[in-house]
Amino acid sequence: MQQKHPSHSDRKEALIMAAAELFVERGYDQTTIEAIIERVGASKGGFYHHFQSKSDVLDAVVEKMTHQWTAYLEQRLAAPGLGAVERLNLFFKTSAQWSRERIWIIDKLLVLYRDENLLIRHKLEQLGVEASLPMLTQIIKQGNAQGVFDAPQPDETARIILLLANSLRALQSRDLARIDQQPELIEQVEQRVALGLQMMERMLAAPAGSIEPVGRELLY
């Protein structure tokens, strides 16, 4: 039987997945092109057929993650008959759930907050905000129309909420990583979640307690 060789798209996908795993395991700076090639069993020529540099692979990793997340989120939010508050809570809950289910993000989630992974996190956050901005803006417009929100600039309000969520996530991840050594941080983490939700509700002029927490990390 003739051996079936992987297609160009399969090889590219394998390189992207190997790079994603290595970036989380070792950090972006400590991952070499040679390590990516070795993990896949590819040739150097095969790597450069698809990517010009390690930075190109990073862009492909982030774009793949963002595309998968956006498609998953759009599918869930398309459920008929949802009110704006329900859809907003589903937006945060689904986003957090998607993240937790992805092994190479979740099992080592806090790794992304190491200094050596700053570039990955920055790219993820930037693309994440731009990809989810239209969805959150639409939810806010729906809430305005239903009279449950009163946000005069839905697009800018959505952007600020997403940036706030990024900042809270960074703070929470830093403290969650230290809870084993400093259990007293638990109270601070819980208080920060409550404060973050109150701030979002006030920006939207939403009913108090309408935004549900998705966890101590307040991930989206």
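From a predicted model like this one, the values you see are computed outputs, not experimental measurements.
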*Please assess Leu163 against Val129 for the test side chain to side chain contact (heavy atoms under 4.5 Å, CB included), listing each intermediate value before the final yes or no.*
CA-CA 7 Å; Leu163 293 173; Val129 167; 4.2 Å; yes
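- Not one N or O on the side chain of Arg39 forms a donor-acceptor pair closer than 3.5 Å with the backbone of Ala19.
- Met203 CE: more than 12 foreign heavy atoms inside a 6.0 Å radius.
- Counting heavy atoms from C-beta outward, Met135 and Thr70 have side chains that approach closer than 4.5 Å.
- Remark: side-chain polar atoms of Arg159 are not paired, donor with acceptor, to backbone N or O of Thr137 under 3.5 angstrom.
- Counting heavy atoms from C-beta outward, Phe92 and Ile161 have side chains that approach closer than 4.5 Å.
- Between Ala131 and Pro134, the closest heavy-atom pair is O-CD, 3.6 Å.
- With rounding to the nearest 0.5 Å, the separation of CE in Met65 from CD1 in Ile16 is 12.0 Å.
- With rounding to the nearest 0.5 Å, the separation of NE2 in His67 from CD in Glu63 is 11.0 Å.
- Put simply, CD1 on Ile33 and OH on Tyr48 are 3.5 Å apart, with the number rounded to the nearest 0.5 Å.
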*asked:* Determine whether Phe51 and Asp59 satisfy the following criterion, side chain to side chain contact (heavy atoms under 4.5 Å, CB included), listing intermediate values before the conclusion.
replied: CA-CA 10 Å; Phe51 306 104; Asp59 288 340; over 6 Å; no
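- When all heavy atoms of Asn144 and Pro154 are compared, the pair lying nearest together is ND2-CG, 3.7 Å.
- Within the 4.5 Å cutoff, the side chain of Phe47 has no heavy atoms near those of the Val40 side chain.
- Summarising the local packing, CD of Gln153 is surrounded by 12 or fewer heavy atoms from other residues, nucleotides or ligands at distances under 6.0 Å.
- Remark: Glu34 CD is packed, more than 12 non-hydrogen atoms of other residues, nucleotides or ligands lying under 6.0 Å away.
- Looking at heavy atoms from C-beta onward, Leu88 lies in side-chain contact with Leu136 at the 4.5 angstrom threshold.
- With rounding to the nearest 0.5 Å, the separation of CG in Leu204 from CD1 in Ile160 is 10.5 Å.
- Between Ser132 and Phe91 there is a side-chain heavy-atom pair separated by less than 4.5 Å.
- A donor-acceptor pair under 3.5 Å is formed between the side chain of Gln146 and the backbone N or O of Ala84.
- Between atom CZ of residue Arg87 and atom CD1 of residue Ile140 there is a gap of 13.0 Å, rounded to the nearest 0.5 Å.
- For the residue pair Ile37 and Ala42, the shortest heavy atom distance occurs at CG2-O, 2.8 Å.
- Panel note: side chain Lys54, backbone Thr31; a donor-acceptor pair is recorded below 3.5 Å.
- Between Ala165 and Met200, the shortest heavy-atom contact is CB-CE, 4.3 Å.
- Within a 6.0 Å radius of CD in Gln188, other residues, nucleotides and ligands contribute more than 12 heavy atoms.
- Under a 3.5 Å cut-off, the side chain of Asn89 and the backbone N or O of Ser210 do form a donor-acceptor pair.
- One distance of note links CZ of Phe23 with CD of Gln30; it measures 12.0 Å at 0.5 Å rounding.
- Taking all atoms of both residues into account, the shortest heavy-atom contact from Val148 to Pro207 is O-CD, 3.5 Å.
- Between the side chain of Gln142 and the backbone N or O of Leu82, at least one donor-acceptor pair lies under 3.5 Å.
- In this structure the side chain of Leu133 never reaches within 4.5 angstrom of the side chain of Asp155, judged on heavy atoms.
- Here the side chains of Glu13 and Lys64 are in contact, with some heavy-atom distance below 4.5 Å.
- When all heavy atoms of Leu164 and Gly196 are compared, the closest pair comes out as CD2-O, 4.4 Å.
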